[in-house]
K.L.:
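Sharing a structure with you now.
What you see is a predicted model, and the numbers here were worked out from it, not measured in a lab. Note that these values count all heavy atoms, side chains included, but never hydrogens, waters or copies made by symmetry. Just so you know, ligand 1 is whichever comes first in the structure, and atom 1 is the first atom listed for that ligand.
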Amino acid sequence: MTGRTEQLAANLARVRARIAAGAAAAGRDPDQVTLVAVTKTYPASDVVRLARLGVTDIGENRDQEAAGKAAEVDRLGVAVRWHFVGRLQRNKARSVVRYAELVHSVDSARLAAALAAAAAADRDRPLAVLVQVSVDADPARGGVVPDQLAPVADAVAAEPALRLAGVMTVAPPAWEPAAAFGRLAELAERVRADHPSATAISAGMSGDLEAALACGATHVRIGSDLLGKRAPLG
Ligand SMILES: *Cc1c(COP(=O)(O)O)cnc(C)c1O
C-alpha cells in the first residue's frame, strides 16, 4: 500500500468503528447504514483508493468538480455510486443526472422538475432523490423550510423520471446535533406516511455521525475524518 492508501485505510477503520459503535448504541444494524465518502477537493485517485478499500458510495457537492472526477474514475474502469450532496442549480441538472445515483439536495419543486426533465432525456432508469430540509428554516445551508417539505416531496413523487427516496439535512451549527436530527426524524416519518418507500435519512457528517445514527440516519456523509482536513475553499 502507498502512504496515502495506508492513511485512508486507517481513517476508514476509525470511521467504520464509529459507525459500528453508534449503530450498536442505537440498537441498529451497521450494515443498514451507507457510508458516503465525501471526496470534494480530493482527486480521482483518492476515489479509486477508497473503492479498492471497499467504499463505493462517493459524495460530491459541486457539479463542476464532480463531473470531471466521475468521468476520470469511469475511464479508469472503477465503478462507484456517485451521490450529489451540495446545492444544485437548475442549469446543472443535465450534467448531474449523467453520473449521480442519488441526489441528496433537492430543495424546490422547480429543481425537481429540471432534474426530472434531464433524467427523462438522459437516463434509462429513474433518478433517486432526497428532499433536503432546513430544520431551522434558515435557507443558508440549502434545503426547504419544514412547511415546504410535503409539497416538494409530492412534486418529486409525481415525476415518473424521479424516485423519492427520503430526506436529508445538514445540522445548523447553532443547534445540538441531536435536536436537529430528532427534528429530521419526525419530518421523515411524516413524509413516509404519504410515501412509504421514502425510507432514506441522510444525516451526519464527520463531527456528528453518532447523533445522526441515534436518530435513524441511513446515510452518513463523511469528508474530513476520512480524507483529511480540506483547505478552505476560495
Ligand atoms: C462536505 C460535506 C459533508 C462532509 O463534511 P465533513 O464535515 O467533512 O465530514 C457532508 N455533507 C455535505 C452536504 C457536505 O458539503
K.L.:
Could you measure the distance from the OG1 atom of T56 to the CG atom of L50? Nearest 0.5 Å is fine.
P.N.:
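Rounded to the nearest 0.5 Å, the OG1-CG separation comes to 10.0 Å.
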K.L.:
Ignoring hydrogens and geometry beyond distance, is a side-chain donor-acceptor pair present between Q32 and T218 at under 3.5 Å?
P.N.:
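Note: Q32 and T218 side chains miss the donor-acceptor criterion.
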K.L.:
Identify the protein heavy atom lying closest to atom 11 (N) of ligand 1, giving its residue, its atom name and the separation to 0.1 Å.
P.N.:
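For this ligand atom, the closest protein heavy atom is R221 NE, 2.8 Å.
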K.L.:
Do me a favour and list the nearest non-hydrogen protein atom to atom 13 (C) of ligand 1 with residue, atom name and distance?
P.N.:
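Among all protein heavy atoms, the one nearest atom 13 (C) of ligand 1 is V85 O, 3.3 Å.
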K.L.:
Show your reasoning for whether salt bridge (charged side-chain N to carboxylate O under 4.0 Å, His left out) applies to R4 and D46.
P.N.:
CA-CA 8 Å; R4 179 59 173 159; D46 277 351; 2.7 Å; yes
K.L.:
In terms of side-chain geometry, is the basic nitrogen of R141 or D136 positioned less than 4.0 Å from the acidic oxygen of its partner?
P.N.:
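The answer is yes: the pair qualifies as a salt bridge.
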K.L.:
For atom 7 (O) of ligand 1, which of G223, S224, S105 has the closest heavy atom?
P.N.:
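Checking each option, the heavy atom nearest atom 7 (O) of ligand 1 is found in S224.
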K.L.:
Among all the protein's non-hydrogen atoms, which is closest to atom 15 (O) of ligand 1, and how far away is it?
P.N.:
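Its nearest protein heavy-atom neighbour is K40 NZ, 2.7 Å.
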K.L.:
Do me a favour and list the nearest non-hydrogen protein atom to atom 5 (O) of ligand 1 with residue, atom name and distance?
P.N.:
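That would be M205 CE, 3.7 Å.
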K.L.:
Is the backbone N or O of D122 less than 3.5 Å from a side-chain atom of R98, with the two atoms forming a donor-acceptor pair by type?
P.N.:
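Judged by distance alone, no pair lies under 3.5 Å.
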K.L.:
Work out whether the distance between some heavy atom of H104 and some atom of ligand 1 is less than 4.0 Å.
P.N.:
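It does not, in that no heavy atom of H104 comes within the 4.0 Å cut-off of ligand 1.
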K.L.:
Which of the atoms in ligand 1, numbered in the order shown and given with their element, are less than 4.0 Å from a heavy-atom of I222?
P.N.:
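The list of qualifying atoms is 9 (O).
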K.L.:
Salt-bridge test for K69 and E72: reply yes if a basic N is under 4.0 Å from a carboxylate O, no otherwise.
P.N.:
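No, K69 and E72 are not salt-bridged.
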K.L.:
Please report which non-hydrogen protein atom sits nearest to atom 9 (O) of ligand 1, along with the residue it belongs to and the distance in Å to one decimal place.
P.N.:
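Nearest protein contact, heavy atoms only, for atom 9 (O) of ligand 1 is S206 OG, 2.5 Å.
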